[in-house]
Protein chains: 2
Amino acid sequence: MSEYKSSIMLVDDHPLLRKGLKQLLALEDELQVIAEASSGAEAIPLAVELDPDLIILDLNMQGMDGIATLKKMRDEGVTSRIVMLTVSDADEDVVNAISNGADGYLLKDSDPELLLEQIKRSLTGKMVLSEEITQVLATALRRPAVKTSAELNSLTNREHEILSFIAKGLSNKLIARELTISDGTVKVHVKHLLKKLGLRSRVEAAVWMVNQQAAKT
Amino acid sequence: MSEYKSSIMLVDDHPLLRKGLKQLLALEDELQVIAEASSGAEAIPLAVELDPDLIILDLNMQGMDGIATLKKMRDEGVTSRIVMLTVSDADEDVVNAISNGADGYLLKDSDPELLLEQIKRSLTGKMVLSEEITQVLATALRRPAVKTSAELNSLTNREHEILSFIAKGLSNKLIARELTISDGTVKVHVKHLLKKLGLRSRVEAAVWMVNQQAAKT
DNA sequence: TTGGGAGTACCTATTAAGTGGTAATTAGTA
DNA sequence: TACTAATTACCACTTAATAGGTACTCCCAA
């Protein structure tokens with residue numbers, strides 16, 4: 001092995017998990033954690049500035065989620081290897097991550113030894129996927145009927161936000177109050193989101209969305 | 001402080017998180033992790049045998065989840081303090097955990113220092129809750145809307161039938177056509193079922209029902 | 001045999017939701 | 001710079017949904 005130390009950046013909104021991960025990485029002399037971030041917003045400028053060899057990125061973060069962060073980083077010209085580390089083995093997440101330029105997709109509940117092994121393999125330029133993921137990916141690719149994520153992605157942030165309120169059963173008036181905008185504006189967003197999703201009422205939207213969320217578990 | 005070392009057991013199916021947590025607890029001399037488990041099934045006999053001072057229990061585990069594990073442990077006579085550590089701040093989870101004998105409910109994304117502080121406080125016999133949780137708990141208790149199958153059973157056959165159409169996103173008019181009755185009659189049933197379930201709109205009903213169905217899995 | 005729940009239907013009144021426009025602002029892009 | 005997408009707001013209009021009644025039929029149990 002060379003004496004070059006690989007620089008690694010951790011992005012995860014769980015401090016505990018960062019701790020565990022850091023400890024794991026510390027087992028290898030050639031791995032060096034040079035930065036940590038607890039959110040996408042925080043991570044992006046850091047990534048641009050430091051351009052580490054590897055970025056380990058959590059998928060499920062509050063605020064900007066992992067996929068959005070990944071996209072933004074690639075947009076900003078970050079060329080680091082980026083590996084997603086997550087609890088979710090949902091089809092769309094995997095597919096989304098890979099197709100948006102992730103170099104790997106690992107599960108948090110993997111055996112730590114294995115995880116470390118794969119992180120090192122990733123640094124050699126290989127695409128790394130957790131066991132379970134390989135299977136998921138294969139079946140996901142076999143049926144390209146993944147209209148779900150595609151259609152969800154066609155929504156703007158605001159529309160998506162409002163959809164999730166609808167999926168909680170809120171009325172336009174209540175949503176308006178939550179977001180401090182007029183209920184007329186909420187109606188506009190609802191109108192647009194219904195059109196984009198090809199649905200005929202907020203009830204259909206609520207049902208669709210709740211099923212969507214349930215499927216992710 | 002006394003010289004007695006508190007015995008702690010960790011139950012979480014994420015090895016990484018266990019690592020982080022162990023490292024955190026190692027900062028305090030009087031805390032000693034005497035056992036780890038990666039599942040409820042594994043944890044229960046261990047808890048019975050070791051009867052540690054504190055059990056830190058993950059809520060979202062594969063197989064037997066945290067609540068089930070908690071219940072079973074209490075059933076088996078485990079008297080350890082049990083603190084839930086989780087990412088979920090869902091009302092029901094919190095209420096469920098507390099009412100099933102948990103002595104605390106902490107969030108994984110809390111600041112580690114704070115977490116350690118609260119774990120120590122828990123060992124002195126105090127109920128510990130993360131900041132965010134206090135709020136959730138308060139609002140959850142304010143509305144004792146713990147409706148489940150009991151309230152589903154209070155519906156007549158027709159009402160139930162119509163509820164499931166609502167849960168598919170159908171309008172009153174379409175439901176009427178399906179059942180070959182007038183849409184005015186459908187409205188009557190909807191009116192009754194909303195009242196019985198204590199819901200404010202068909203959207204709430206749809207969301208509730210779909211979640212109900214999803215939970216059955 | 002009478003009372004009540006369930007299911008049906010209709011009526012009125014009010015509120016919520018959805019549609020189709022116009023338009024201003026801002027941020028980002030060609 | 002001109003263009004575009006996103007977000008916001010307002011207006012007018014139509015349809016859907018909800019709440020409160022009355023009322024008739026059927027069936028089952030007291």
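All of these numbers come straight from a predicted model, not from anything done at the bench.
As rounded to whole Å, 13 Å separates atom C1' of C:dA9 from atom CZ of B:Arg158. Between B:Asn172 atom CG and C:dG18 atom P the separation is 13 Å, expressed in whole Å. Spacing between atom CD of A:Glu161 and atom C1' of D:dA6 amounts to 13 Å, rounded to whole angstrom units. One interatomic measurement links the two molecules: CG of A:Asp183 to C1' of D:dA9, which rounds to 11 Å at whole-angstrom precision. A:His192 has its NE2 atom 12 Å from the P atom of D:dA5, to the nearest Å. Here the P atom of nucleotide D:dA17 and the NZ atom of B:Lys195 are 20 Å apart, to the nearest Å. Between A:Lys196 atom NZ and D:dA5 atom P the separation is 10 Å, expressed in whole Å. Between the NZ atom of A:Lys173 and the P atom of C:dT15 there is a distance of 8 Å, rounded to whole Å.
Distances shown here put a side-chain N or O of B:Thr156 below 4.0 Å from the OP1 or OP2 atom of C:dG7. Note on A:Thr185: every side-chain N or O is 4.0 Å or more away from OP1 and OP2 of D:dT7. Dashed line: the shortest gap from a side-chain N or O of A:His189 to OP1 or OP2 of D:dT7 is not under 4.0 Å.
Shown for residues 174-182 of chain B: no residue has heavy atoms falling under 4.0 angstrom of DNA chain D.
Of the listed residues (A:Arg202, A:Arg177, A:Lys187), just one forms a side-chain hydrogen bond (donor to acceptor under 3.5 Å, both in side chains) with A:Asn172, and that residue is A:Arg202.
Here the closest heavy-atom approach between residue A:Pro15 and residue B:Ser110 is recorded as CG-O, 3.4 Å.
Under the 3.5 Å distance criterion, with hydrogens and angles disregarded, no donor-acceptor pair is assigned to the side chains of A:Asp53 and A:Ser80. Between the side chains of B:Gln118 and B:Ser122, no donor-acceptor pair of N or O atoms lies under 3.5 Å. For the 3.5 Å distance criterion, the side chains of A:Thr86 and A:Asn60 qualify, holding a donor opposite an acceptor.
Side-chain contact between A:Leu25 and A:Leu10: present, with at least one pair of heavy atoms (C-beta onward) separated by less than 4.5 Å.
Position along DNA chain D of the nearest nucleotide to B:Val188 versus B:Arg202 favours B:Arg202 as the more 5'-ward residue. Where A:Ile162 and B:Ser171 each meet DNA chain D at their nearest nucleotide, the meeting point lying more 5' is that of A:Ile162.
Closest contact between the side chain of A:Lys191 and the listed nucleotides D:dT18, C:dG18, C:dG20 involves C:dG20.
Taking only distance into account, the side chain of A:Lys187 meets the base of C:dG18 through a donor-acceptor pair shorter than 3.5 Å.
Counting non-hydrogen atoms of neighbouring residues, nucleotides and ligands closer than 6.0 angstrom, the CG atom of B:Asp75 exceeds 12 such neighbours.
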